[in-house]
Visitor: 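The structure follows.
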Amino acid sequence: MRRDGQDDGAPGPAATGRNVPFYTIGQVASLLEVPTAQLRRLDEQEIVQPERSDGNQRRYSQEEIDRLREVLQLTDEGVTLPGVRKVLELRRRVDELEHELERERGEA
DNA sequence: ATTCTTACA
DNA sequence: TGTAAGAA
């Protein structure tokens, strides 16, 4: 890939032509200062699952890097991986309910 | 050179 | 969690 993080494994004529920055596991590891093995485990534990591309290599988007920052903060505070999974699950649920309230606010 | 998976201490 | 072997 291009070391500048501009590699996008999804070709497509209709693609919105934006060069979305993607990062390899190595780049993310040095950026967040965590071992690559930990990133792979977060993937296996279904906590942060990056896209894959080329030869099945992980490609992290900025959004996933942000999610990684949240997760690392939690684990640093002592939350276990199963715990983190539940926190993220609850966070998704809260977002869902917030959107629902927003909708109801619109109709009435 | 890097990353991937699987396995082991 | 960290590290190693072997394939990609």
Side-chain angles (χ1 to χ4, degrees):
Chain A
M1 74 163 307
R2 281 178 274 163
R3 147 275 276 92
D4 58 347
Q6 295 300 180
D7 184 321
D8 71 306
T16 36
R18 281 274 67 69
N19 270 7
V20 183
F22 269 76
Y23 303 84
T24 65
I25 194 174
Q27 293 174 313
V28 177
S30 45
L31 182 67
L32 302 181
E33 313 205 49
V34 297
T36 58
Q38 187 176 349
L39 296 179
R40 295 198 177 96
R41 275 162 184 150
L42 289 177
D43 184 359
E44 295 164 5
Q45 302 286 304
E46 309 185 276
I47 293 175
V48 175
Q49 301 162 312
E51 303 299 304
R52 298 301 187 108
S53 106
D54 330 71
N56 200 41
Q57 294 184 196
R58 279 167 257 251
R59 285 293 130 92
Y60 292 83
S61 67
Q62 182 57 56
E63 253 184 15
E64 289 165 328
I65 293 179
D66 292 339
R67 196 184 319 262
L68 240 20
R69 287 208 161 91
E70 294 180 55
V71 172
L72 293 177
Q73 182 175 343
L74 289 173
T75 56
D76 283 352
E77 292 170 1
V79 182
T80 63
L81 294 185
V84 171
R85 207 181 294 119
K86 293 201 171 185
V87 170
L88 295 181
E89 193 178 306
L90 290 176
R91 206 212 54 182
R92 279 192 293 278
R93 180 57 173 158
V94 170
D95 289 345
E96 188 183 334
L97 292 175
E98 284 179 338
H99 288 160
E100 193 175 312
L101 282 181
E102 212 175 294
R103 246 177 286 123
E104 290 176 19
R105 192 159 306 175
E107 21 195 284

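On a predicted model such as this, the values are computed, not experimentally measured, just so you know. We use all heavy atoms of the structure for the numbers below, so side chains are in, but hydrogens, waters and symmetry mates are not. Order of the sequence lines sets the chain letters (A, B, ...), proteins ahead of strands, with each chain counted from 1.
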Visitor: Do any N or O atoms of the protein come closer than 3.5 Å to N or O atoms of nucleotides 1-8 of chain B, and which pairs are they?
Guide:
{"unit_1": "B:dT3", "atom_1": "OP1", "unit_2": "A:Thr24", "atom_2": "OG1", "d": "3.0"}
{"unit_1": "B:dT3", "atom_1": "OP1", "unit_2": "A:Gly26", "atom_2": "N", "d": "3.0"}
{"unit_1": "B:dC4", "atom_1": "OP1", "unit_2": "A:Arg58", "atom_2": "N", "d": "2.7"}
{"unit_1": "B:dC4", "atom_1": "OP1", "unit_2": "A:Arg58", "atom_2": "NE", "d": "3.1"}
{"unit_1": "B:dC4", "atom_1": "OP2", "unit_2": "A:Arg40", "atom_2": "NE", "d": "2.9"}
{"unit_1": "B:dC4", "atom_1": "OP2", "unit_2": "A:Arg40", "atom_2": "NH2", "d": "2.9"}
{"unit_1": "B:dT5", "atom_1": "OP1", "unit_2": "A:Arg52", "atom_2": "NH1", "d": "3.2"}
{"unit_1": "B:dT5", "atom_1": "OP1", "unit_2": "A:Arg52", "atom_2": "NH2", "d": "3.1"}
{"unit_1": "B:dT5", "atom_1": "OP2", "unit_2": "A:Arg58", "atom_2": "NH2", "d": "2.0"}

Visitor: Could you tell me which residues satisfy side chain to side chain contact (heavy atoms under 4.5 Å, CB included) with A:Leu81, sequence neighbours excluded, listed by chain and number?
Guide: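 With sequence neighbours excluded, A:Leu81 shows a side chain to side chain contact (heavy atoms under 4.5 Å, CB included) to A:Leu42, A:Gln45, A:Ile47, A:Thr75, given in chain and number order.
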Visitor: Tell me, which pairs form a salt bridge (charged side-chain N to carboxylate O under 4.0 Å, His left out) where one or both residues lie in residues 96-108 of chain A, sequence neighbours left out?
Guide: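 Qualifying pairs, neighbours excluded: A:Arg93-A:Glu96.
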Visitor: For residues 74-86 of chain A, pull every pair meeting salt bridge (charged side-chain N to carboxylate O under 4.0 Å, His left out), keeping only residues two or more places apart or in separate chains.
Guide: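 Listed by first then second residue: nothing to list.
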Visitor: Run the side chain to side chain donor-acceptor pair (under 3.5 Å) test against A:Ser30 and tell me which residues pass, sequence neighbours left out.
Guide: none
Visitor: Using the test salt bridge (charged side-chain N to carboxylate O under 4.0 Å, His left out), find all partners of A:Glu51 that sit at least two apart in sequence or belong to another chain.
Guide: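 With neighbours one apart ignored, the set is empty.
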Visitor: Please name all residues satisfying side chain to side chain donor-acceptor pair (under 3.5 Å) with A:Gln62, sequence neighbours left out, ordered by chain then number.
Guide: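 Partners of A:Gln62 by the side chain to side chain donor-acceptor pair (under 3.5 Å) criterion, ordered by chain and then number, come out as A:Asp66.
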Visitor: Could you list all the salt bridge (charged side-chain N to carboxylate O under 4.0 Å, His left out) pairs where at least one residue sits in residues 21-44 of chain A, not counting sequence neighbours?
Guide: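 Residue pairs with at least one partner in residues 21-44 of chain A: A:Asp43-A:Arg52, A:Asp43-A:Arg58.
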Visitor: Just by distance, do the side chain of A:Glu64 and the backbone of A:Ser61 share a donor-acceptor pair under 3.5 Å?
Guide: yes
Visitor: Does atom CD of A:Glu63 have more than 12 heavy-atom neighbours from other groups under 6.0 Å away?
Guide: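 Count not over threshold, so no.
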Visitor: Extract, from 5' to 3' on DNA chain C, the first and final nucleotides lying under 4.0 angstrom from some heavy atom of chain A.
Guide: C:dT1 to C:dT3
Visitor: Check side chain to side chain contact (heavy atoms under 4.5 Å, CB included) between A:Val34 and all other residues, then give those that pass, not counting sequence neighbours.
Guide: A:Leu32, A:Gln38, A:Leu39, A:Leu72
Visitor: Kindly state which residues belonging to residues 65-84 of chain A come within less than 4.0 angstrom of DNA chain C, counting heavy atoms of the residue only, listed by number.
Guide: none
